[in-house]
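Below is one structure; the comments refer to it alone.
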Protein chains: 2
Amino acid sequence: MLRSNDDPRALRSRAAALAAATELLVEGGPENVTHATVAKRAGIGRATVYRHWPDQQALLLDALAGDVRPLLSFDDSPVRDQLVFQAEQLAHRLNQPSAVSILATVIQRAERDEEARRLREEMFGQADEDLTRALAAAVERGELRPGTQGHARDLVARIIGPLLFERFLHGVHLEKDLVVSLVDAALAPWLPNA
Amino acid sequence: MLRSNDDPRALRSRAAALAAATELLVEGGPENVTHATVAKRAGIGRATVYRHWPDQQALLLDALAGDVRPLLSFDDSPVRDQLVFQAEQLAHRLNQPSAVSILATVIQRAERDEEARRLREEMFGQADEDLTRALAAAVERGELRPGTQGHARDLVARIIGPLLFERFLHGVHLEKDLVVSLVDAALAPWLPNA
DNA sequence: CGTCTGTGAGACAGTATGTATCGAAGAGAA
DNA sequence: TTCTCTTCGATACATACTGTCTCACAGACG
């Protein structure tokens, strides 16, 4: 279809279209992202949008993919600090007005769309493995009780879950003290002196 | 517009349309719920759908409203049992394949639609007040430490949040032992012997 | 039985969608 | 620069969809 991915003209119109698609998604929901609206907003031809994305699903998912990079990542520094930092980063991103629209769209599409499901898993899939490793290292260092490394996913759920609940279902702004309190509560059962 | 709400013919076509709308929402997402598709699925005339719901938003939200009754309610029996029971009920409802589509749609719409926001608050708004009362009663009985009643919403977030996270972002089936574990973890800081 | 009123079917104009074509202009090589 | 290739925006076009209206019909109710 297109000669290549490296033609500056193609890259330019593609980038403009994706930026426009994200804007339109946040402003009016997924059904607001059509070939016509994207073309108009991006200042490019309607046919050009069809050339890049023959169907609307692909266009929307490409736009989503640009905004949904992995949300968490861990290394081997002290676990509590990492969790607080990462959860704060995530809270900051969730506080963006666009985040709810984008995440809710991914979740909704994932029910019926394989590509969206892949995208959804990309968000937290890596986090489980990384955190498992980080927890194992922490157990070695005596920061946590043995066995903790088997509960990485559970920890993530107990920290991120309440954040999502507050943000998605109550629409509140996520504050730092909530994040800290959630991390400590989730970690409490695994502290060695317990 | 319509003479009344009690004409059996109007009630019948209205009910058929709402049932069809919910089906179509679950099958193909919100953009699949149009006057035309609903009319066809419900076996009624397209004009009839327009008569009941002049715009598509109203139709979709009416369908959602039928499926999103309050999700939690509390009385004055022992708190832990109540929380476990209510959270199990909720988990059971979230396990329905349709629940994710419906909830995600409400959340998404709530970003831009006043009516959807009202609907979203209906789900958990009452729960906070009820649980606050139930917690106060439990404190009176010595089940929980004084001050607990000020943290009803926090408790809900720490129990429901992880459930939503597991169901929405990992697509897993919610099991009873997870529910119990979440309730006990959320309650732990407020037990009197701590 | 007679009068309402909601209904389904269809007609209709206006709009949106998807595709094809065309000349213009940017990109890259000689 | 000049030449060639590719993408571009604009436009035209057929088709599908939307929203509104009309009308004959049948169910509801007295």
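We name chains A, B, ... by the order of the sequence lines, and we start the count at 1 in each one.
A salt bridge between D113(A) and R117(A) is absent, with no side-chain N of the basic residue lying under 4.0 Å from a carboxylate O of the acidic one. Of the charged side-chain nitrogens involved, at least one lies within less than 4.0 Å of a carboxylate oxygen, so that R41(B) and E27(B) count as a salt-bridged pair.
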Exercise. Any chance you could lay out the ring pair (Phe, Tyr, Trp, His ring centres under 6.0 Å) test for F168(B) and F168(A), step after step, and finish with the verdict?
Key: CA-CA 12 Å; F168(B) 276 50; F168(A) 276 52; 8.1 Å; no
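Between the CG atom of D6(B) and the P atom of dG6(C) there is a distance of 10 Å, rounded to whole Å. Between the P atom of dA26(D) and the CG atom of D7(B) lies a distance of 17 Å, rounded to the nearest Å. Taking atom CG on L11(A) and atom P on dG26(C), their separation rounds to 16 Å, with Å as the unit. Rounded to a whole Å, the CG atom of L59(B) is 12 Å from the P atom of dT18(D). With rounding to whole Å, R9(A) atom CZ is found 8 Å from dG28(C) atom P. Distance CZ (R12(A)) to C1' (dT6(D)): 13 Å, rounded to an integer number of Å.
Proximity of the aromatic rings of F165(A) and F165(B) is defined here by a centroid distance below 6.0 angstrom, and this criterion is not met.
For the residue pair R145(B) and T148(B), no side-chain donor N or O sits within less than 3.5 Å of a side-chain acceptor on the partner.
R14(A) comes within 4.0 angstrom of nothing in the nucleic acid, heavy atoms only.
Among all heavy-atom pairs drawn from A39(B) and V49(B), the shortest one is CB-CG2, 3.7 Å.
Under 3.5 Å, the side chain of R51(A) and the base of dG9(D) form at least one donor-acceptor pair of N or O atoms.
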Dump every N/O contact between nucleotides 15-19 of chain C and the protein below 3.5 Å, one line per pair.
unit_1	atom_1	unit_2	atom_2	d
dG18(C)	OP2	Y50(A)	OH	2.9
dG18(C)	N7	R46(A)	NH1	3.0
dG18(C)	O6	R46(A)	NH2	3.0

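A close approach under 4.0 Å does occur between a side-chain nitrogen or oxygen of H52(B) and OP1 or OP2 of dT7(C).
Proximity note for I44(B) (side chain, C-beta onward) versus dG27(D), dG8(C), dG9(D): the nearest is dG8(C).
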